[in-house]
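So that the names make sense, note that chain A is the first sequence line, chain B the second, and so on, each numbered from 1. As a basis for the values below, the full set of heavy atoms in this structure was taken, side chains included, without hydrogen atoms, waters or symmetry mates. Worth saying up front: this structure is predicted, and the values here are computed from it rather than measured.
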There are 2 protein chains.
Amino acid sequence: MLQLTKRTDYGLIALTHLAGHSGVRSVRSIADLYPIPRRLLAEVLKDLLHSHLVESHRGAQGGYTLARPPGEIMLSEIVEALEGAPSLTSCEGSHTENSCAVEAVCPIRSPIHVLRQGIWRMLEQTALSDLAGWPELARIPSFR
Amino acid sequence: MLQLTKRTDYGLIALTHLAGHSGVRSVRSIADLYPIPRRLLAEVLKDLLHSHLVESHRGAQGGYTLARPPGEIMLSEIVEALEGAPSLTSCEGSHTENSCAVEAVCPIRSPIHVLRQGIWRMLEQTALSDLAGWPELARIPSFR
DNA sequence: TATAATTAGCATCAAAACAGTGCGAATTAC
DNA sequence: GTAATTCGCACTGTTTTGATGCTAATTATA
Ligand code: SF4
Ligand code: SF4
């Protein structure tokens, strides 16, 4: 539906929060701050961990921190971590031989590719810090 | 999932075909040419009809034609007709008070808006003729 | 006029994607 | 030792999407 999933949405929020608040932040604290389902946010952060976008700190007083400076984390990485590389249509992406029946005579395949790359490039050129820099962020009270 | 639906995909194919072949084309002829489920394509074209992107011609030897020159039909219109205006997140679009719980303190709402507009602008600036002009199109045999 | 082709409108079904939850184990600050 | 926290896996319910069925209305044309 040409729309980001809530998982990605939540992931962006969490990462933006981490970018704006130094130190370790637990899932609980983030999920309480923004009313996000706690368990779901935990799943999301686990995915981000597996993609090496955040680092985890287990045990009491544990939580997550950004693995890199927010200026070096691109939205494309985040989206890819949480919902796979964008394909725009079904005939793209490494869906392991997901070939569409139309493919052979498809008149729109090439041009759609171009569009997809345009969107992808936008995500590649936007860093987490570009989101985190928004004024709204500064107004959010810090907890813990 | 930041991906176009198959309905949109099929719609683009049909419109591209109409753009490249003058005269009335029936659902059957298009669906047979590209192996697209006939009934589904019919549904798609009905939606396009309701959005005034194509014109219908009922009865025997009937079918559809483009309502406007392909240079004046923008991808944004097509996507909007088949899957609604792109929202990118849940807090956008006229979902009649679909307000997200996070909305009040959401740190990413504004920046995501900007991204969405970027994608939207790409679609607004690409005309059907930009797709139809691709070399593949010329190679497709004409039926009927 | 009869017939076949075709769109129009409606409803329905099946599969996939998605949002959200449960639970118990492992880890660690205190 | 205890409480807080991540980790891993599985599971459920809902929504979206893909696809199909059926009948009525329309129209070229034989
Ligand atoms: S080959 Fe064409 S019809 Fe098939 S998924 Fe790709 S763009 Fe869509
Ligand atoms: S308000 Fe924020 S969290 Fe809610 S849908 Fe919009 S971007 Fe996502």
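Sorted by first and then second residue, the pairs that involve residues 66-76 of chain B and meet side chain to side chain donor-acceptor pair (under 3.5 Å), not counting sequence neighbours, are B/Arg68-B/Glu77.
What separates CG of B/Leu41 from P of D/dG18 is a distance of 13 Å, to the nearest Å. If you measure from atom CG of B/Leu82 to atom C1' of D/dG18, you get 14 Å, rounded to the nearest angstrom. For A/Arg38 and D/dT5, the CZ to P distance is 9 Å, given to the nearest whole Å. The CZ-C1' distance, from A/Arg25 to D/dT6, rounds to 17 Å in whole Å. Distance B/Ile13 CD1 to D/dG18 P: 13 Å, rounded to the nearest Å. One can place CG of A/Asp9 at 15 Å from C1' of C/dG20, the figure rounded to the nearest angstrom. Residue B/Leu45 contributes atom CG, which lies 8 Å from atom P of C/dT7 at whole-angstrom precision. Look at CG on A/Asp47: it is 11 Å from P on D/dC7, rounded to the nearest Å.
The shortest distance between the side-chain N/O atoms of A/Ser26 and the OP1/OP2 oxygens of D/dA4 is not below 4.0 Å. Under 4.0 angstrom from either OP1 or OP2 of C/dT6 there lies no side-chain N or O belonging to B/Tyr64.
Annotation: B/Arg28, atom CZ; neighbour count of heavy atoms from other residues, nucleotides and ligands within 6.0 Å does not exceed 12.
Comparing A/Pro37 and B/His50, the nucleotide of DNA chain C nearest to each residue sits closer to the 5' end for B/His50.
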Is there any protein nitrogen or oxygen under 3.5 Å from a nitrogen or oxygen in nucleotides 15-18 of chain C, and what are the pairs?
none

Could you write out each protein N or O paired with an N or O of nucleotides 27-30 of chain D at a distance under 3.5 Å?
unit_1, atom_1, unit_2, atom_2, d
D/dT27, O2, B/Ala60, N, 3.2
D/dA28, O4', B/Ala60, O, 3.4

Taking only N/O atoms, report every protein-nucleotides 9-14 of chain D pair under 3.5 Å with atom names and distance.
unit_1, atom_1, unit_2, atom_2, d
D/dC9, N4, A/Glu43, OE2, 2.9

- Could you walk me through whether B/Leu66 and B/Leu53 pass the side-chain contact (heavy atoms from CB on, under 4.5 Å) check? CA-CA 6 Å; B/Leu66 288 185; B/Leu53 293 177; over 6 Å; no

- Task: Tell me, with the steps shown, if B/Met74 and B/Ile78 meet side-chain contact (heavy atoms from CB on, under 4.5 Å).
- Result: CA-CA 7 Å; B/Met74 298 300 158; B/Ile78 302 171; over 6 Å; no

- Item | Worked verdict on B/Thr8 versus A/Leu2 for side-chain contact (heavy atoms from CB on, under 4.5 Å) | CA-CA 10 Å; B/Thr8 306; A/Leu2 203 49; over 6 Å; no

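Taking all atoms of both residues into account, the shortest heavy-atom contact from B/Ile13 to A/Cys106 is CD1-SG, 4.2 Å. Nearest heavy atoms, B/Gln61 versus B/Val24: O-CG1, 4.1 Å. Taking each heavy atom of A/Val44 and A/Gly11 in turn, the nearest pair found is CG1-CA, 3.6 Å.
With sequence neighbours excluded, no residue forms a salt bridge (Lys or Arg N to Asp or Glu O under 4.0 Å) with A/Lys6. In terms of the salt bridge (Lys or Arg N to Asp or Glu O under 4.0 Å) criterion, A/Glu124 has no residue partners (sequence neighbours excluded).
Using modelled atom types, no side-chain atom of A/Ser29 and backbone atom of A/Arg25 make a donor-acceptor pair closer than 3.5 Å. No donor-acceptor distance shorter than 3.5 angstrom exists from the side chain of B/His113 to the backbone of B/Arg109, with no hydrogens or angles considered.
Among the atoms of the strands shown, only primed sugar atoms or phosphate atoms (P, OP1, OP2) are found under 4.0 Å from some heavy atom of A/Arg28.
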